[in-house]
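In what follows, chains are A, B, ... by sequence order, proteins preceding strands, each numbered from 1.
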Amino acid sequence: MLKPSLPKGTRDFGPVEMGRRNFILETIKDTFRLYGFQALETPAMENLSTLTGKYGEEGDQLLFKILNSGDFLKKTHTVDFEEGAQAMLTKIAEKGLRYDLTVPFARYVVMNRNELSFPFKRYQIQPVWRADRPQRGRYREFYQCDADVVGTDSLLCEAEIVQMIKRVFQALGISDYTIKINNRKILTGIAETIGAAGKEQELCVAIDKLDKIGWEKVGEELKQRGFTDSSIQDLSPLVKKEFKDARETFGYLEEFLRGSVAGTNGVEELRLVFDFLSALGGSYENVQLDPNLARGLTYYTGAIFEVKVNNVAIGAVSGGGRYDNLTGVFGLPDVSGVGFSFGVDRIYDVMEELGLFGQTDQPPVQVMIAHFGLEEQKFGLGVVQQLRDRGVSAEIYPESAKIKKQFNYADKKGVPYVIVVGSEEMKTGILSLKSLASGEQEKMKIEEILSILALGKK
RNA sequence: GUGAUUGUAGCUCAGUUGGUUAGAGCGCUGGUUUGUGGCACCAGAGGUCGCCGGUUCGAGCCCGGUCUUUCACCCCA
C-alpha cells in the first residue's frame, strides 16, 4: 500500500484552520471592498513567456514549470540534451504556475486596456507557487491578497493603503505592529549623497539586512560590494540615528538629502502621503517613516511599505509599493500603479503565536438534535427544519445510537447546544435544550427554543 | 541552488556499548451507565521503527542513497 503524502512545502487546511483562515480572508476582502476595490481572478497557470524574466534570474529558477501534455519530447532532439536544461525547457514546457499576482494582473490590464476605466482598482486573493526551499512561514504554495490601483500617480492611494492595513490589523486583533514606509527615491538620494550614485541596488540589498545583522556587518558588506570608506562613513550617521517621530525624520532627511533632486522629491512625496493620512483622519500610530527600509524588488520606484508584527519572529506580513512601469514589458508604457499584499499564511502563524484565535472561532453548528430512535428522529427532523428555516445552523444525529455516543459526538465537534428528543418530548412538545459549555439543561417549548437560538446566532 | 538538521503508535516523546515478542503519556474504541458529553476506574485496538540498499550471526541503533521536517545562506509573503 502506498503511504499518502503531500508535496514538499504544501499543506492541507482542516476545518479548524479553514475557519480561521476564512476569518482572516473575509476581513481582508471586506476592507478591500470598503475602499472600492473590485475582485479579479486569473488562471493558476500562465504562459511561461508571461512569467519568465519578470523576477530576475533567481525568480526564474523558482518558477514551477508545467510539462507539455502528451508527448512532451516531441519537439526535442538528442542534441538538445547536450545544450542543457535551459535550452531544453522551452521545448518541453510552455506553461508555468503563477509566481505572484502582480504580473498576471499586469498582463490582464494590458489585454483589457480598452475595456477598463482608469484608475482601476482591483483586489485578488489566490494561491501562488514558488519552488523555494520551505521554512517556517515560507511555503511552496501560499496565498497572496493583493490590492492595486493602476492608472494614477496620486499619493492618496498610498495613504489609503496605510488606512486599509490599519483596519485589517485592528479587526484581527493585532495591535503591536509597525507599518514601515520609505520611498525608493530617498534611497536613490542617499546613494547620491554618499557619493555612490547608481549603486542603490547594492545599497538596498545590504541596508535591508540592518536589523538582522547590524550596522557593522552591513558596513562590511557594503565595502565588499565596492562602496568606498568615505561613502560608508557618510551613511553611518543616518543609519545609526534613532528618530523619535516622523516629524524629526522628515527634518533630518531634508537636510541630509539637500543635494539630491531625487532624494528631495522622495521626501516631498512622503510628506504628502502623511498629509493625506491626516486628512483621512488616520493617526500616525503604528506608522513609521524608516529611511532604512529597502525592499529588494527591482520594480518599485516610489513609496515602499512593509509591515512587521513586533515580538514575533516571522518576516514581513504585508508589503508593497509604487511602480511606474508595471505594464511596460507587455507593451503598455507609463502606467503608474501602487499596490500591496497581505501574507495570510504568515498572518495566520502570527495570530496563532499571539493566541488571538479562540475568541474568533465559530462553532461548526449551533445545535445538534439527539434522539432515541427512528420515531424520535423523524420528530426531530421537523425541528431541525424549523431551525434551519430560521437561519440557525442545525444538524440531527444521522443514526440511532446510544445517547451517550450522540453527546460525545457533539462535544468533540464543539457544538454548543444539544436538543434531546425522546418519547416524553414527543408527547408534550416540550423539548430539553442543553448547553454543553455550562451543562445546564432546560425544558421548553419548540417555539421558545427557536427564538433563543435565532437570537444567539448573531 | 549551497551547508546543516529531523524522522519510532493518531499526537508528544522514551528506547542502555547493535542482542528475545519495541515502550509511556495523551488520544481512540468498548465497558462501568439501554434518557445525557467533560471526571474517574477497567479492558482493548493500533507500529513494514520515513523509504531503499549495505555491514553483521543479529540493525530502531552503524554506513550509503533517497524522501520529509526544521534551520542558516540566497531570496522572499
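Judged by a 6.0 Å distance limit and a 45° cone about the ring axis, A/Arg167 is not positioned over the six-membered ring of A/Tyr35.
Among the atoms of the strands shown, base atoms are found under 4.0 Å from some heavy atom of A/Tyr139. A/Val317 comes within 4.0 angstrom of the backbone, heavy atoms only, and of no base. Within the 4.0 angstrom heavy-atom criterion, no nucleotide atom of any strand lies near A/Ala410. A/Glu58 comes within contact range of the sugar-phosphate backbone alone, with a heavy-atom separation under 4.0 Å but no base atom that close. Across all strands shown, A/Gly9 has heavy atoms under 4.0 Å from sugar-phosphate atoms exclusively, and none from any base. A/Gly59 comes within 4.0 angstrom of nothing in the nucleic acid, heavy atoms only. A/Lys308 comes within 4.0 angstrom of nothing in the nucleic acid, heavy atoms only.
A 4.5 Å side-chain heavy-atom check between A/Tyr55 and A/Leu62 finds every atom pair outside the cut-off. Here the side chains of A/Lys166 and A/Ser283 are in contact, with some heavy-atom distance below 4.5 Å. Looking at A/Leu235 and A/Leu222, their side chains come closer than 4.5 Å, going by heavy atoms from C-beta outward.
Under the Watson-Crick and G-U wobble criteria, each requiring two contacts below 3.5 Å, nucleotide B/U12 is paired to B/A24. Pairing partner, B/U66: B/G50, with both Watson-Crick or wobble hydrogen-bond distances short of 3.5 Å.
For A/Ser336 and A/Asp153, the side-chain atoms include no donor-acceptor pair closer than 3.5 Å. For the residue pair A/Asn408/A/Lys412, the side-chain donor-acceptor check at 3.5 Å is satisfied.
If you take atom C1' in B/G3 and the same atom in B/A9, they sit 34 Å apart, rounded to whole Å. Nucleotides B/C28 and B/G10, compared at atom P, are 14 Å apart to the nearest Å. Taking the C1' atom of each, B/U2 and B/U56 are spaced 36 Å apart, rounded to whole Å. One C1' atom belongs to B/G53, the other to B/G47, and the distance between them is 22 Å to the nearest Å. A distance of about 30 Å separates the P atoms of B/C73 and B/G50, rounded to the whole Å. Distance noted for atom P between B/A45 and B/A4: 45 Å (whole Å). Nucleotides B/A24 and B/G46 place their C1' atoms 15 Å apart, quoted to the nearest Å. Between B/C51 and B/G60, the distance separating the two C1' atoms is 14 Å to the nearest Å.
Ring geometry for A/Phe32 versus A/Phe340: interplanar angle over 60°, hence perpendicular rather than tilted (30 to 60°). The aromatic rings of A/Phe342 and A/Phe169 sit tilted, their planes meeting at an angle between 30° and 60°.
Two residues, A/Leu6 and A/Phe342, neighbour RNA chain B, and the one matched to the more 5' nucleotide by heavy-atom proximity is A/Leu6. Where A/Gly137 and A/Lys8 each meet RNA chain B at their nearest nucleotide, the meeting point lying more 5' is that of A/Lys8.
Following rounding to the nearest Å, A/Lys413 (NZ) and B/G27 (C1') show an atom-to-atom distance of 20 Å. A/Tyr300 has its OH atom 10 Å from the C1' atom of B/A77, to the nearest Å. For the pair A/Glu141 CD and B/A77 P, the interatomic distance rounds to 17 Å; values are reported in whole Å. With rounding to whole Å, A/Ile304 atom CD1 is found 12 Å from B/C76 atom P. We find that CZ of A/Phe340 is positioned 14 Å from P of B/A77, with the value rounded to whole Å. If you measure from atom CZ of A/Arg130 to atom C1' of B/A77, you get 6 Å, rounded to the nearest angstrom. As a whole-Å value, the separation of A/Leu62 CG from B/C76 P is 10 Å. Nucleotide B/C76 holds its C1' atom 15 Å from the CD atom of A/Gln61, rounded to whole Å.
A/Tyr348 has its ring centre less than 6.0 Å from the ring centre of A/Phe357.
Checked by distance alone, A/Arg133 brings a side-chain donor or acceptor within 3.5 Å of a matching partner on the base of B/U2.
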* Where along nucleotides 28-44 of chain B does protein come under 4.0 Å, by heavy atom, of base (B) or sugar-phosphate alone (S), with - for untouched nucleotides? -> S--SB--BBBB------
